[in-house]
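The structure appears right after this line, and notes come after that.
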Amino acid sequence: MAEEEAGAPRHGAAALTGFAADVLAAQGMRAEEARRVAELMVEADLTGADSHGIFRLPQYVRRMRAGGMNPRPEITVRRLAPAVAMVEGDNGPGHLVMSKAGETAIGIARESGIAWVGARRSNHAGSGAVHACLPLAAGMVGIYTVVASANHMAPWGGTESLLGTNPLAIAIPMGESDPVVLDMATTVVSYGTVKGHALRGKPMPEGWMIDARTGEPLTDPKRSHEGILLPVGGYKGSGLALVLGLLAGPLNRAAFGRDVVDFNADDRTVTETGHVLIALDVSRFLDPAAFQAEVRRHLEDLRNSARLPGVDRIRTPGELRGERRRERAARGVALPTALVAQLDRLAAAAGVASLAER
């Protein structure tokens, strides 16, 4: 999560969703579909994935205007086996493609207990956790990965950017309690976080990127095109990015490696993005309430275990996410001044009310 700018005004979820939906509809999207994309984008903002929410709206609009993304896709689903399906995205917005993948995965998992849903001819879809959480509505576990929409990591020991941040997100339902949600890039940080630092004119800490020519730490986010992101866990993160990318890319006949289009630099070329969403029906194993009670017991053991000196609290995956969502749902989302200026320009170009007018 990016740090909030001091004194930045807050915007309610309804205002953000309405704004994004209106801007997307002005690009030619069907109103209902524009609203769905906006809802999933703002969910990222509410849960703290600031670099993957409305922050991305100007980029999506540029791609639609340039012809790189189809604002009115005809998304279809092919059932490949009892527990397997493929969503054909028709180069539509990634959030819309994944919304269809979520519906498909839930439906198949109700029949078969598990669903593996691939998606192809898609686009950037924002926060991985948002999509991993789609099966939670049906009390199911969700697992999500994607070939990132640009390569910013080299294979371990290399200098060429041939791997993406290729995230892994897993969501475990917990009834009325906050779900357990792990959402991690296979790099130390996502590239969106780097872009957020560039937007704020804020240097990056050492350990995020290195200069691809010298291997020295790179801390100026405006020079990020000269560097490569470092994998989490050294060679393990690089290997994880590789295998996740193979499952979301070649298995779906989608882009991977040198075939990946850098959507940060190219608004016109179709990205051929591939995703995977898995849904698992907990009730096929045991009573969901019994499962949740057992998970809750273990989480409490972890949180209450002995702490290192200086550690005030042991947190489990999804805990801060839930707290942040409640706080932002109540108080609104703070947006950086530079981003609000970009959104104001979008509003003027689209002929819709600005955030300040909502």
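All figures in this text were calculated on a predicted structure; none of them were measured in a lab.
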Nearest 0.5 Å, please: how far is [atom2] in [Y] from [atom1] in [X]?
| X | Y | atom1 | atom2 | value |
| --- | --- | --- | --- | --- |
| S224 | M209 | OG | CE | 5.0 Å |
| R223 | D211 | CZ | CG | 5.5 Å |
| W208 | T187 | CH2 | OG1 | 10.5 Å |
| S190 | H52 | OG | NE2 | 4.5 Å |
| Q27 | R65 | CD | CZ | 4.5 Å |
| L308 | I314 | CG | CD1 | 8.0 Å |

Looking at [X] and [Y], what are the two nearest heavy atoms and their distance?
| X | Y | result |
| --- | --- | --- |
| G158 | I228 | O-CD1, 4.0 Å |
| V276 | A248 | CG2-CA, 3.8 Å |
| S51 | R56 | O-NE, 3.0 Å |
| A25 | A34 | N-CB, 3.8 Å |
| R36 | L134 | NH2-CD2, 3.7 Å |
| P135 | G142 | CG-CA, 3.8 Å |

Okay, side chain of [X], backbone of [Y]: is any donor-acceptor separation there less than 3.5 Å?
| X | Y | result |
| --- | --- | --- |
| R307 | V311 | yes |
| H95 | E39 | no |
| R63 | G68 | yes |
| N166 | A241 | yes |
| T104 | K100 | yes |
| N252 | H275 | yes |

State whether [X] and [Y] are salt-bridged, where the test is any N-O pair (Lys NZ or Arg NE/NH1/NH2 against Asp/Glu carboxylate O) under 4.0 Å.
| X | Y | value |
| --- | --- | --- |
| D220 | K222 | no |
| D50 | R328 | yes |
| E327 | R324 | no |
| E33 | R72 | no |
| E32 | R35 | no |
| R120 | D90 | no |

Worksheet item: Would M174 and V180 satisfy side chain to side chain contact (heavy atoms under 4.5 Å, CB included), going step by step from the backbone distance to the final call?
Response: CA-CA 7 Å; M174 290 297 292; V180 177; 4.2 Å; yes

Item to complete: Please assess R315 against E319 for the test salt bridge (Lys or Arg N to Asp or Glu O under 4.0 Å), listing each intermediate value before the final yes or no.
Response: CA-CA 6 Å; R315 298 173 174 86; E319 193 174 341; over 6 Å; no

Single-linkage hydrophobic cluster [X]~[Y], side-chain heavy atoms < 4.5 angstrom:
| X | Y | result |
| --- | --- | --- |
| V189 | M204 | yes |
| Y144 | L168 | no |
| L163 | I210 | no |
| V37 | V333 | yes |
| V188 | L162 | no |

Worksheet item: So which of E300, H298, R303 actually passes side chain to side chain donor-acceptor pair (under 3.5 Å) with T316?
Response: R303

Fill in: Stepwise salt bridge (Lys or Arg N to Asp or Glu O under 4.0 Å) check, R296 with D301
CA-CA 9 Å; R296 196 171 290 112; D301 282 347; over 6 Å; no

Worksheet item: Going by atom types alone, do T47 and R325 pair a side-chain donor with an acceptor below 3.5 Å?
Response: no

Worksheet item: Would you say the side chains of H152 and S161 form a donor-acceptor pair under 3.5 Å?
Response: no

Practice prompt. I would like to know whether M29 and M64 meet side chain to side chain contact (heavy atoms under 4.5 Å, CB included); could you show each step before the answer?
Written response: CA-CA 10 Å; M29 287 195 71; M64 287 182 185; 3.7 Å; yes

Other residues, nucleotides, ligands: >12 heavy atoms within 6.0 Å of [X] [atom1]:
| X | atom1 | value |
| --- | --- | --- |
| R268 | CZ | no |
| E206 | CD | no |
| R313 | CZ | yes |

Worksheet item: When N264 is tested against each of H124, H225, K195 for side chain to side chain contact (heavy atoms under 4.5 Å, CB included), which residue passes?
Response: K195

Item to complete: Please report the C-alpha distance between M98 and L277 in whole Å, then the side-chain angles of each, then the deciding distance to 0.1 Å, and finally whether the side chain to side chain contact (heavy atoms under 4.5 Å, CB included) criterion is met.
Response: CA-CA 8 Å; M98 289 315 302; L277 181 63; 3.9 Å; yes

Worksheet item: Passes side-chain hydrogen bond (donor to acceptor under 3.5 Å, both in side chains), N123 versus T271? Steps please.
Response: CA-CA 6 Å; N123 280 280; T271 61; 3.3 Å; yes

Practice prompt. Starting from the C-alpha separation in whole Å, work towards a yes-or-no answer on salt bridge (Lys or Arg N to Asp or Glu O under 4.0 Å) for E111 and R79.
Written response: CA-CA 13 Å; E111 296 175 16; R79 190 75 172 264; 2.8 Å; yes

Item to complete: Evaluate the criterion side chain to side chain contact (heavy atoms under 4.5 Å, CB included) for residue pair W116 and L251; output intermediate values, then yes/no.
Response: CA-CA 12 Å; W116 179 294; L251 188 62; 4.1 Å; yes

